[in-house]
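As a basis for the values below, the full set of heavy atoms in this structure was taken, side chains included, without hydrogen atoms, waters or symmetry mates.
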Amino acid sequence: MEKREAFMKLSQLNIVLVEPQIPQNTGNISRTCAVTGARLHLVEPLGFTVTDKHLKRAGLDYWDKLDLTYYSDWNDFCEKNTAGEFYFFTTKGRHIHSDVKYPTDKPVYLVFGREDQGLNESLLVQHPDTCVRIPMRNTLRSLNLSNSVAIAAYEVLRQWEYPELSTEGNLTKYTWE
């Protein structure tokens, strides 16, 4: 087995949304997951139905490209996902997301909380070394959830040298010469 194939079997980017409330955010995140090959995990209760027109509109043409799993609650998610490294994105994190070296030999789970509350502090305090934050001004509450997921996902993918992603674009009416 080639080094690249071994890497892809061991590493897998996973986006975990715990109780997302806004369908447009989840739709945008589903699109990010589809174009990057990341798996999407939705932990209930959700603040919308999956048939919600806003959710589908935001990611409709990519919905069938998703690797998507639903969980009844956080405990259900934890019982079914025991291997890998978990990083909890929060404005309360003590570590900067881009300072973390994301492992290449196991699945990586990027965990995000509700848009209005974030992740529960009782969960965060159990994982002080893997609570990470995206730097921002202290005078503002937080970034939009779908923007945060994109920033986080692409940092991991950058460190992994964008496995299986196209890194060169082509013009449609001209050629790069």
Engineer: Indicate, with yes or no, if Val18 and Leu123 share a hydrophobic cluster defined by side-chain heavy-atom contacts under 4.5 Å among Ile, Leu, Val, Met, Phe, Trp and Tyr.
Structural biologist: yes
Engineer: Between atom CD of Gln117 and atom CD of Gln21, what is the distance when rounded to the nearest 0.5 Å?
Structural biologist: 7.5 Å
Engineer: Under the salt bridge (Lys or Arg N to Asp or Glu O under 4.0 Å) rule, collect the residues that match up with Glu19, sequence neighbours excluded.
Structural biologist: Arg114
Engineer: Verify side-chain contact (heavy atoms from CB on, under 4.5 Å) between Thr175 and Asn170, making sure each step is shown before the conclusion.
Structural biologist: CA-CA 7 Å; Thr175 59; Asn170 294 306; over 6 Å; no
Engineer: State, to 0.1 Å, how close Gln159 and Lys101 come at their nearest heavy-atom pair, and which atoms those are.
Structural biologist: OE1-CA, 3.5 Å
Engineer: Kindly compute the distance separating CG (Leu171) from CH2 (Trp176), expressed to the nearest 0.5 Å.
Structural biologist: 4.5 Å
Engineer: Say whether, by atom type as modelled, one donor and one acceptor occur between the side chain of Trp160 and the main chain of Pro103 under 3.5 angstrom.
Structural biologist: yes
Engineer: Counting N and O atoms only, with roles assigned by atom type, does the side chain of Asn81 sit under 3.5 Å from a partner on the main chain of Glu79, one being a donor and the other an acceptor?
Structural biologist: no
Engineer: What are the two closest heavy atoms between Asn14 and Pro107, and how far apart are they?
Structural biologist: ND2-CB, 3.9 Å
Engineer: Going by ring pair (Phe, Tyr, Trp, His ring centres under 6.0 Å), name the pairs with one or both residues in residues 114-135, residues two or more places apart or in two chains.
Structural biologist: Phe88-His127
Engineer: Going by ring-ring contact (aromatic ring centres under 6.0 Å, His included), name the residues that satisfy it together with Tyr102, two or more places apart in sequence or in a different chain.
Structural biologist: Tyr87
Engineer: In the single-linkage hydrophobic clustering (I, L, V, M, F, W, Y; side-chain heavy atoms under 4.5 Å), do Val156 and Tyr154 co-cluster?
Structural biologist: yes
Engineer: For residues 140-148, which side-chain N or O atoms pair as donor and acceptor with protein atoms under 3.5 Å away, sequence neighbours left out?
Structural biologist:
residue: Asn144; atom: OD1; partner: Ser146; partner atom: N; Å: 2.8
residue: Asn144; atom: OD1; partner: Ser146; partner atom: OG; Å: 2.6
residue: Asn144; atom: OD1; partner: Asn147; partner atom: N; Å: 3.3
residue: Asn144; atom: ND2; partner: Asn25; partner atom: OD1; Å: 3.1
residue: Ser148; atom: OG; partner: Asn144; partner atom: O; Å: 3.2

Engineer: If you look only at pairs with a residue in residues 35-44, which of them pass as a salt bridge (Lys or Arg N to Asp or Glu O under 4.0 Å), with sequence neighbours excluded?
Structural biologist: Arg39-Asp67
Engineer: Classify the ring geometry of Tyr71 against Phe77: parallel below 30°, tilted from 30° to 60°, perpendicular beyond 60°.
Structural biologist: perpendicular
Engineer: For the atom pair NE2 (His95) and OG1 (Thr90), what is the distance rounded to the nearest 0.5 Å?
Structural biologist: 12.0 Å
Engineer: Looking at side-chain heavy atoms only, is the closest gap between Lys92 and Arg133 below 4.5 Å?
Structural biologist: no
Engineer: Taking all atoms of both residues into account, what is the closest heavy-atom pair of Cys33 and Ile15, and its distance?
Structural biologist: SG-CG1, 3.7 Å
Engineer: When you group the ILVMFWY residues by side-chain heavy-atom contacts below 4.5 Å and let the links chain together, are Leu124 and Val16 in the same group?
Structural biologist: yes
Engineer: Please step through side-chain contact (heavy atoms from CB on, under 4.5 Å) for the pair Ile29 and Leu40, ending with a clear verdict.
Structural biologist: CA-CA 8 Å; Ile29 292 164; Leu40 179 59; 4.0 Å; yes
Engineer: Taking all heavy atoms of Gln12 and all of Gly37, pick out the closest pair and write down the distance.
Structural biologist: NE2-O, 3.3 Å
Engineer: Decide side-chain contact (heavy atoms from CB on, under 4.5 Å) for Leu110 and Phe112; before the verdict, give the C-alpha distance in whole Å, the side-chain angles of both, and the deciding distance to 0.1 Å.
Structural biologist: CA-CA 7 Å; Leu110 307 181; Phe112 299 84; 3.7 Å; yes
Engineer: Do you know which two heavy atoms are closest between Thr26 and Pro20, and how far apart they sit?
Structural biologist: OG1-CB, 3.5 Å
Engineer: What's the spacing between Thr130 OG1 and Tyr109 OH if we round to 0.5 Å?
Structural biologist: 14.0 Å
Engineer: How long is the straight-line distance from CD of Glu164 back to CG of Leu157, given to the nearest 0.5 Å?
Structural biologist: 11.0 Å
Engineer: Does any part of the side chain of Leu17, heavy atoms only, come nearer than 4.5 Å to the side chain of Val149, both counted from C-beta?
Structural biologist: yes
Engineer: Starting from Leu68, can I reach Leu13 by hopping between I/L/V/M/F/W/Y residues whose side chains sit under 4.5 Å apart?
Structural biologist: yes
Engineer: Starting at CD1 of Ile134, measure out to CD1 of Ile151 and round the result to the nearest 0.5 Å.
Structural biologist: 4.5 Å
Engineer: Decide whether Leu46 and Leu66 are clustered together by the hydrophobic rule: side chain heavy atoms of Ile, Leu, Val, Met, Phe, Trp, Tyr closer than 4.5 Å, transitively.
Structural biologist: yes
Engineer: Identify, with sequence neighbours excluded, every residue that meets ring-ring contact (aromatic ring centres under 6.0 Å, His included) alongside His97.
Structural biologist: none
